[in-house]
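Here is how names work: the chains are called A, B, and so on, in the same order as the sequence lines, proteins then strands, and each is numbered from 1.
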Amino acid sequence: MTDAAFTNTPARTQGKAVTVALRWLLYVLLIAFALFYLAPLFVMVTTSLKSLEEIRTGDLIALPREVTFDAWATAWSGACTGIQCEGVRPYFWNSVLIAVPAVLISTLIGAINGYVVAQWQFRGANVFFALLLFGCFIPFQVVLLPMARMLGLMGIAGTIPGLIFVHVVYGLGFTTLFFRNYYVSIPSELVKAAKVDGAGFFRIFWSIFLPLSLPIIVVTVIWQFTQIWNDFLFGVSFSQAGTQPVTVALNNIVNSTTGVKEYNVDMAAAIIAALPTLIVYVIAGKYFIRGLTAGSVKG
Amino acid sequence: MQFLERNLPKIMLAPSFLAVLIFVYGFIAWTGWVSLTRSRLLPRYDIEGFIQYERLFDSPRWDTAFGNLFLFGALFIGISMILGLVLAIFLDQNIRAEGAIRTIYLYPMALSMIVTGTAWKWILNPGLGLEAMVRRWGFEDFRFDWLVNSDMAIYTIVLAAIWQSSGFVMALFLAGLRSVDGEIIKAAQIDGIPTWRIYSAIIIPSMAPIFLSAFIVLAHLAIKSFDLVIALTGGGPGFATDLPATYMFSMAFSRGDIGQAASSAMVMMGVVFAIVVPYLYSELRAKND
Amino acid sequence: MAPILDIKGLYKNYGSTEILKDINVAIEPGDFLVLVGPSGCGKSTLLNCIAGLEPITGGSLSIGGQDMSNVSPKDRDIAMVFQSYALYPTMTVAKNITFGMKVRGVDQAEQDAKLERVAEQLQIKPLLNRRPSQLSGGQRQRVAMGRALVRDPKLFLFDEPLSNLDAKLRVEMRTEIKALHQNLGATMVYVTHDQIEAMTLATKIVVMKGGVIQQIGTPSEIYNRPANMFVADFMGSPAMNLIPAKATANGNGSVIEITGADGTPITLKDTGTSGLPNDVIIGVRPEDIAEAGQRSGESLQQAECRIDIVEPAGADTFVVTHLGGKAVTARLHAETTAKAGQPQMLSFDLSKVSYFVPATGERLN
Amino acid sequence: MAPILDIKGLYKNYGSTEILKDINVAIEPGDFLVLVGPSGCGKSTLLNCIAGLEPITGGSLSIGGQDMSNVSPKDRDIAMVFQSYALYPTMTVAKNITFGMKVRGVDQAEQDAKLERVAEQLQIKPLLNRRPSQLSGGQRQRVAMGRALVRDPKLFLFDEPLSNLDAKLRVEMRTEIKALHQNLGATMVYVTHDQIEAMTLATKIVVMKGGVIQQIGTPSEIYNRPANMFVADFMGSPAMNLIPAKATANGNGSVIEITGADGTPITLKDTGTSGLPNDVIIGVRPEDIAEAGQRSGESLQQAECRIDIVEPAGADTFVVTHLGGKAVTARLHAETTAKAGQPQMLSFDLSKVSYFVPATGERLN
Amino acid sequence: GPEAEVLHWWTSGGEAKSVAVLQEEFAANGGTWTDMPVAGGGGDAAMQALRARVLSGNAPTAVQLKGPAIQEWYEEGVLADITAVAEAEGWADVLPASIAGHMQCDGTWCAAPVNVHRVDWIWANADVLEANGIAMPTTWEEFNAAAAQLQEAGIIPLAHGGQAWQDATVFEAVALGILGADGFRKAFVELDEETLTSPEMVAVFDQMRTMRGFVDPNFPGRDWNLATAMVMNGEAAFQIMGDWAKGEFLAAGKTPGEDFLCASTPGEGFLYNVDSFAMFAVDGEDKQEGQALLAELIVGENFQEVFNLNKGSIPARTDVALDAFDSCALLSAADMSASSESGSLLPSYAHGMALRGAQSGAITDVVTQHFNSDMSSEEAVQQLAAAVANSL
Ligand SMILES: Nc1ncnc2c1ncn2[C@@H]1O[C@H](COP(=O)(O)OP(=O)(O)OP(=O)(O)O)[C@@H](O)[C@H]1O
Ligand SMILES: Nc1ncnc2c1ncn2[C@@H]1O[C@H](COP(=O)(O)OP(=O)(O)OP(=O)(O)O)[C@@H](O)[C@H]1O
Ligand SMILES: [Mg+2]
Ligand SMILES: [Mg+2]
């Protein structure tokens, strides 16, 4: 709204030259910041396309003299993590197997929780919500050891279902928050109308609330996906051979303490590991912010 | 049947409630308990009193870590907010290609520091990155060695953290600016108020709730900051860039000193509590009205 | 005939705040009961209690002679229309209307037949495949009505169904609802805070304030014989003029003295009312003040008043003068010659005035 | 006297859509110009053009005789009040009112004096230290007026200032604005889509539709002699009845034939109008239809009509009947004996009717 | 058949190749090997994973563990007993007593040694030394003098990576030289307060302060292999680092004695860092069988030879023929047996052989803090004593 309101004023008091100069300055600043934000990504991409030789001799920010995708191939399917030299590929699929169900389940539970807290107010619902919200802020290091014990007791230690479980539990706070804040703004008369129409708890949720929830589902899915995909702490603690996610593999490649460092492979692996979240942000970032401001942090 | 129908909402909430009770509060209680023991490699449960806290407060490394939290937190939160606000105002000036610029500012939020840490380490490394590059251009005296300077290293952490989060803050503020009633701005224009006064006196003060949200998000990130330090400095030089989260991690996992780790975790929880509870209180009250 | 809705001594608390206090109302089949009152007085809450959407704290509530304590909304044989229309935003109009039947498992043929009939009745056939977001306010209103109509319920409940519409549409829809009521012979409970709506629609009005019923009666009882100053002020637009006055006995009647705009007393003779205390508030409706000479009769009393404002409103012209320290509005003919700032002879119809106790606001005559 | 606001041939486009087309309006000092029209017809846009908040695409606009093409809003010597009040949310009432002066560098003593005066005038003294969020709708409205008043501008602009208020408050505030206008002798341009507001406030009304001016005139011209069917329908509540009819010449006058509810024709004689085409639409205001016998005069023509709906509305009773296939509303006395479903003799005042061309809607008489 | 899931942090180049040798042998004996590498933080991340897995009752079969940590885990009651294998294979006869001590818990065998790394090495670029007419230093004074001379010549005297463990590695080499073997044992094995606060300890920190001056300004955070590369390409002259540095030289095609020189750091004694695998108690016959097989293979002569040739260390067994090993390794082996006899064969504190994690970590905190600030040596000594006391 505001920009429209500002720009169309017919008469400006400043001279035209000053206005134009200011506008240029503005663009220069914006571009400078864009460069700042892009710098690391730029370094990563260019480095991944250089040969090791060129990296040693060349400039950090120089464009590759000769573009080679060898590092990418190696990172995807040839780099060694320990004695296996399969690249990040198997770990990448592990991450997919963990992230997809965890995102779906935590979103669904968050939706139901949010629906209850926002629309089926009962004594104690707010207390529950406050407890849940506070849980969002707990540093995850605190829960590592007891969680390990719990997973053991539940018999899912070291398995992909175990990791999914952990992500779901610690994702609940945010997913519930998102949905609750979204559903709070839906008039309660809708529930009343449906009750009079004879629909029950699930029917109302399924037929009326879920179809309405697309924007907030987008937000929640993006948020959860980013969190879970980028997670390292849980991945390294609660996995075992064969269930490690891509971040752990990346760490194994990048953080090995001995031997020749293949920086181009490191960077290629890093970009591969980041690609899914990056794509999600570039494509859906707009909806993300829109939904987020409509939901959790609206003024 | 009647009973089921009436209590269905509660029943639906019950599993989550249980999960939160156990996996958040149960675990906090567990940590509290362990912080009172002499647990080393694995937790033990014989209560020994407050020795771990005494050790914690005697430890110069903890002093550094705890002090860093406030230094880092203040700078990170402060600068991210200011930068985010300035960028949002810039972008609010009917900028061409606004969508693309917004995406560029926002994307770091999508990446984990595990991923970008290496690139940052390079850029900040005096021998490899920015400093070397500028010197190669002929400015031999150029110095940018924060990463390797004990007194300055914490600022590189701040820098990377700002890089990661300020775009997000910008997006929040931009949405806030856009939600201000257009008629208010028209009214101000007719009142003869110059554009910068409209921002400073009218729009920005009315975005207080967004400032609060941004503050909470950033504070939460600051307290949880961990990847960032590990990827960038590993806590060094020395332990100049330790934060409570890394302190706790290293106590628990490289020192085999779980009791100590638990006590530091409890102090962290205290900080979180002090920040979050007032916020939650106001949030829930406001939404209930 | 047994009342279709019978509320006895109903109380409703939220936590420790009493929202409704000792509500007693009964409606006969075919009644059109309107609940009016200022915002927050508990109208919606009472309606929700009737619908079973809120549990009641005390008293009893029966519909069709049957106690409703443990009956859920869907089994009460009611239909409800909400202020925000509460249309299901993701369903088409047709689905909005048939959703309830679908939930109850009514068979498809019957659903279609009923939809057909209702769409016909409300003239929303061309809209059946649109979403609520593609409808105008008035169309949404019609769809919401349709959703209620397909249920053929014992009782219709309306919660300010027209207050989101603009003035013109509101008048049209009001007439339609009235027609619907007459055609269906249905029983309706209708909440509004617009007193014109209340007057035109109701067969019986309940005026509420702060969770307490102030008066129950037909529109004309409420309008002409308000039980207290609150009701007098609330019903009618422009509101009844409430002017402080002194009364003295005069034979079978009374003499009423009011301070004029310039401080000179104005004296009016009421031959029909006696036994008034010394201090009273006299209530006169704007239409009972006219230009002198327009009407005649024994109860008409004339007085010269200085006109402060003249507001021509098409069909009528409203003028404002000051009496007893209060702004007093009179409704004159559109062709009046009254001018702002000029004195004007006005006649007051004392056969229609109300008297109130200043302290309690209770009606005296 | 030179017009204070003079708009000549104004056009306004957004991109390629024409929003305002060939607008010509002039106002004298002291005028109260009201812009009315349905939602989206361009009222706010026109006001924004006057204020300088939107550039105009074509034509000219001058205020106080001076061309405004390159003058910024703050230099146009205007003040504006908005529908959403647009109060600065973080400032107190006092600061809201004085902020503009502060920015312009008016000295403190003068600021205080003006604030004092305005606060007095609007009776908002006790509110000066509150925030907008702590005020009721009506109070906010007053503060927004205050902010405009301290500027002592040549021209006041109001964009639906009352439409966020509830009915009762709207009536009160309307009277206050009217009083303000009379006291200040200020010049005002006022946007509304409420035609009652337009009628009561204006000295001059501009009726717009789809960015085109339909009629400019005094309230009584607009009300009594609408230029076309759109204006006729738009102004007045309940709206003017527009009934299809056949006209035949009859001496100096005409005979009008309308189809009654049961198909039998009703014949009315208009002795004052001649030269009507065969097919016309006859427009009759509800207050020009009365119970037979209540008034008398040559222009009154009687006809028996079946009453469909009776709506008592306190001061009056509205009845609906069907003529020419249309619902026709008549405003009768509150004490009428008309009953729904029963026939009733009604008299039509043919001296006040309007005739329109069915195809174009243009006025004939 | 036998099964083993092996948790280790040997994830890169030469290391991974060395582990692959073991895996192949294991497979050749009919076993199934599941690899569980977790890199990072010098094993911190692996330890984190280990802790989580032990707590969840899902321990890996074999874990790369060393030093007192083995005993610590044993005390938690989660280690398996492999005495049967050890006795059958006669480990007691072929392992040096002090190293065997680390593998035993309460008299039973609980871990299998892989190799012996010597920590107190100093590496040098032969050409650089020759060009400046400098011999390998044998005392710290000589080192300081040589370093000063090199600095004059514009060469970085000491290649160093500023990570806490590297600081500690240099520190313990210096400490061994200045305190002597007994002093070192008192200070870093017995944590004797008197020794920790003695004037000699002050001298150790003084020497560290001096060394700080010989390091280039960009050292913080640098990985050790990059420091080695600096020596290799003549940018720097010396590096103090364990014998795994040799692997980097060899990988770059350099020859010991010609391109680069190796010597023990000034002073008497031998600081060892023994890599070993501890066996965790697991259920299932397959896995237990796997543990026995693994233990047998690890200490077996073949593996000891092949693995250590790859890794740059020397075999833990004393009876392996050293024909294939290079000169540095031979020197190491000779020093080891000599030190073993003279009682100066000492565990490395910096690599977690001497102390429990909490204590060694507390010492390292002070060392790295001193090295990276302008703290005085006296204050460092005070803090050292305090930190050790605090960590007990
Ligand atoms: N869930 C609730 N908890 C506590 N108080 C409530 C609740 N719902 C309504 N109230 C209070 O009950 C009172 C009556 O509310 P209600 O909605 O019935 O008023 P209303 O007459 O319908 O008003 P309106 O005309 O504004 O719709 C109000 O004071 C309101 O604040
Ligand atoms: N910035 C804009 N860009 C394009 N079209 C616009 C813009 N602002 C308004 N319009 C269009 O111009 C037309 C007139 O809008 P305007 O706001 O003037 O109507 P209005 O008469 O004030 O209506 P309302 O009574 O609803 O306030 C509308 O059709 C609207 O969609
Ligand atoms: Mg209500
Ligand atoms: Mg408008």
_Testing the basics here: between A:Gly135 and B:Tyr25, what is the closest heavy-atom pair and its distance to 0.1 Å?_
N-OH, 4.0 Å
_Atom group of B:Leu174 that falls short of 4.5 Å from chain A, counting heavy atoms_ = neither
*What orientation do B:His220 and A:Phe137 show, parallel under 30°, tilted 30 to 60°, or perpendicular over 60°?*
perpendicular
*Ignoring hydrogens and angles, tell me if any N or O in the side chain of A:Thr226 forms a donor-acceptor pair with the backbone of B:Ala110 under 3.5 Å.*
no
*Portion of B:Met113 that has a non-hydrogen atom of chain A nearer than 4.5 angstrom*: neither
*asked:* Can you tell me which portion of A:Leu38 sits under 4.5 Å from chain B's heavy atoms? Options are side chain, backbone, both or neither.
replied: both
*B:Ile275, part contacting chain A, at a heavy-atom distance under 4.5 Å*: neither
*Relative to chain A, which segment of B:Trp120 carries a heavy atom at a distance below 4.5 Å: side chain, backbone, both, or neither?*
side chain
*Mind telling me whether B:Phe273 and A:Phe134 have parallel, tilted or perpendicular rings, with 30° and 60° as the class edges?*
perpendicular
_Only pairs of heavy atoms separated by less than 4.5 Å count here; which of B:Leu106, B:Leu13, B:Ile216 has the most with chain A?_
B:Leu13
*Might you work through the side-chain contact (heavy atoms from CB on, under 4.5 Å) test for A:Val142 and B:Met268, ending with a clear yes or no?*
CA-CA 10 Å; A:Val142 172; B:Met268 271 171 84; 5.9 Å; no
*So A:Trp120 and B:Leu8, side-chain contact (heavy atoms from CB on, under 4.5 Å) or not? Walk me through it.*
CA-CA 10 Å; A:Trp120 294 79; B:Leu8 204 50; over 6 Å; no
*Quick one: which of A:Ile31, A:Leu41, A:Leu132 has the most heavy-atom pairs under 4.5 Å with chain B, could you say?*
A:Leu41
*Checking A:Val117 against chain B: side chain, backbone, both or neither under 4.5 Å from a heavy atom?*
side chain
*For the atom pair CE (A:Met147) and CZ (B:Phe27), what is the distance rounded to the nearest 0.5 Å?*
5.5 Å
*How long is the span from the CD1 atom in B:Ile230 to the CG atom in A:Leu233, to the nearest 0.5 Å?*
10.0 Å
*Which region of B:Pro9, side chain (C-beta onward) or backbone (N, CA, C, O), has a non-hydrogen atom less than 4.5 Å from a non-hydrogen atom of chain A, or is it both or neither?*
both
*Where on A:Phe165 is there a heavy atom nearer than 4.5 Å to chain B: the side chain, the backbone, both, or neither?*
side chain
*Is it the side chain or the backbone of B:Ile184 that comes within 4.5 Å of chain A heavy atoms, both, or neither?*
neither
*Distance, nearest 0.5 Å, that separates CH2 of B:Trp122 from CE of A:Met44*: 11.0 Å
*At their closest point, which heavy atom of A:Pro40 faces which heavy atom of B:Ala119, and how far apart are they?*
O-CB, 3.8 Å
*Once you round to the nearest 0.5 Å, how far does CD of A:Gln227 lie from OG of B:Ser112?*
10.0 Å
*Between atom CG of A:Leu278 and atom CG of B:Leu111, what is the distance when rounded to the nearest 0.5 Å?*
5.5 Å
*Relative to chain A, which segment of B:Met248 carries a heavy atom at a distance below 4.5 Å: side chain, backbone, both, or neither?*
side chain
*Side chain, backbone, both or neither: which part of A:Tyr115 has an atom under 4.5 Å from a heavy atom of chain B?*
neither
*Top residue by heavy-atom pair count (under 4.5 Å) with chain A, among B:Ser166, B:Ala219, B:Pro108, B:Ala19?*
B:Ser166
*Where on A:Ile109 is there a heavy atom nearer than 4.5 Å to chain B: the side chain, the backbone, both, or neither?*
side chain
_Any heavy-atom pair between the side chains of A:Tyr27 and B:Arg96 that's under 4.5 Å?_
yes
*Could you look at B:Thr103 and say if it's the side chain, the backbone, both or neither that has a heavy atom under 4.5 Å from chain A?*
side chain
*Is it the side chain or the backbone of B:Ser264 that comes within 4.5 Å of chain A heavy atoms, both, or neither?*
neither
*Walk me through it: do B:Trp30 and A:Arg149 pass the test side-chain contact (heavy atoms from CB on, under 4.5 Å)?*
CA-CA 12 Å; B:Trp30 181 91; A:Arg149 187 96 199 90; over 6 Å; no
*Based on non-hydrogen pairs under 4.5 Å, which of B:Ile258, B:Ile22, B:Ile104, B:Thr116 is most in contact with chain A?*
B:Ile104
*Tell me, which pairs form a salt bridge (Lys or Arg N to Asp or Glu O under 4.0 Å) where one or both residues lie in residues 101-111 of chain B, sequence neighbours left out?*
B:Glu98-B:Arg102
*State, to 0.1 Å, how close A:Val143 and B:Phe23 come at their nearest heavy-atom pair, and which atoms those are.*
CG1-O, 4.0 Å
_So for A:Leu30, is it side chain, backbone, both, or neither that comes closer than 4.5 Å to the heavy atoms of chain B?_
both
*Using 30° and 60° as the class limits, which term best fits the ring planes of B:Phe17 and A:Phe128: parallel, tilted or perpendicular?*
tilted
_Straight-line distance of B:Asp227 CG to A:Asn230 CG, nearest 0.5 Å_ = 8.5 Å
*With a 4.5 Å heavy-atom cut-off, do B:Lys224 and A:Gln141 have their side chains touching?*
no
*Which one of B:Ala265, B:Ala245, B:Ala252 has the most heavy-atom pairs closer than 4.5 Å to chain A?*
B:Ala245
*When the ring planes of A:Tyr37 and B:Tyr105 are compared, do they come out parallel, tilted or perpendicular, using 30° and 60° as the limits?*
tilted
_Could you tell me if the side chain of A:Leu26 sits less than 4.5 Å from the side chain of B:Ile95, heavy atoms only?_
yes
